Amino acid sequence: MLHKDIEKAINDQIKWEFWSGYLYLSMSSWFASKGLAGFAGWMKNQSGEELFHAMKMFDYVNERGGHAVLQTVDAPPSEWKSVLDALKTGLAHEGEVTARINALVDTAVKHKDHATSNFLQWFVAEQVEEEASFSDVVNKLELVGDGSALYMLDKELATRVFTWPAAADTQA
Ligand code: FEO
């Protein structure tokens with residue numbers, strides 16, 4: 001049985017993961033409106049990953065005898081100043097998510113909930129990848145600027161794929 005503090009903290013994080021999915025889907029739409037299909041696809045895949053994160057936590061709460069309660073997900077922004085501005089927003093957002101995941105681990109450790117602590121290690125490792133992948137694109141964008149090389153980068157990003165894992169993979 002999950003401690004109520006842990007249940008609440010994971011439920012709050014589920015909302016954050018869905019909101020992350022909303023944020024990246026909104027960025028995807030903005031990229032598409034600018035004719036940047038590669039960036040749009042890359043960000044749509046990122047959105048899919050966030051929804052998967054939310055579902056992984058959702059399943060975990062219920063599996064542990066808790067109650068995954070869904071919360072209101074605020075509307076994300078829909079405009080950014082530039083491609084770099086959007087990607088930097090994503091990178092900063094991932095930093096916030098990492099801080100939240102770390103705080104969640106702290107809560108699990110405080111309550112000596114080793115199962116939850118172990119479950120959250122997947123997210124700790126995932127955040128390293130997520131920050132690295134945003135950072136990689138931000139670095140490339142800072143190198144190429146807004147010129148024609150942006151279109152080359154758009155082509156490169158079009159190669160990213162996200163395959164929704166089998167339902168069982170969301171179980172801890
Ligand atoms: Fe689910 Fe990008 O953190």
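Order of appearance sets the numbers: ligands from 1, and atoms from 1 within every ligand. No experiment lies behind these values; they were computed from the predicted model shown.
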Between W19 and H93, is the gap from one ring center to the other below 6.0 Å?
-> yes
Heavy-atom donor-acceptor pair, D85 side chain to W80 backbone, under 3.5 Å | no
Atom nearest to atom 1 (Fe) of ligand 1 - E17, N, O or S atoms considered | OE1
Check whether any side-chain heavy atom of D74 lies under 4.5 Å from a side-chain heavy atom of Y22, and answer yes or no.
-> no
Taking side chain as C-beta onward, heavy atoms only, is F18 less than 4.5 Å from M55?
-> yes
In this structure, atom 2 (Fe) of ligand 1 sits at the vertex of an angle between OE2 of E50 and OE2 of E94 that rounds to 10° as 90°
Please find the N/O/S atom of H53 nearest to atom 1 (Fe) of ligand 1 and write down its name.
-> ND1
Minimum-distance N/O/S atom that E130 presents toward atom 2 (Fe) of ligand 1 | OE1
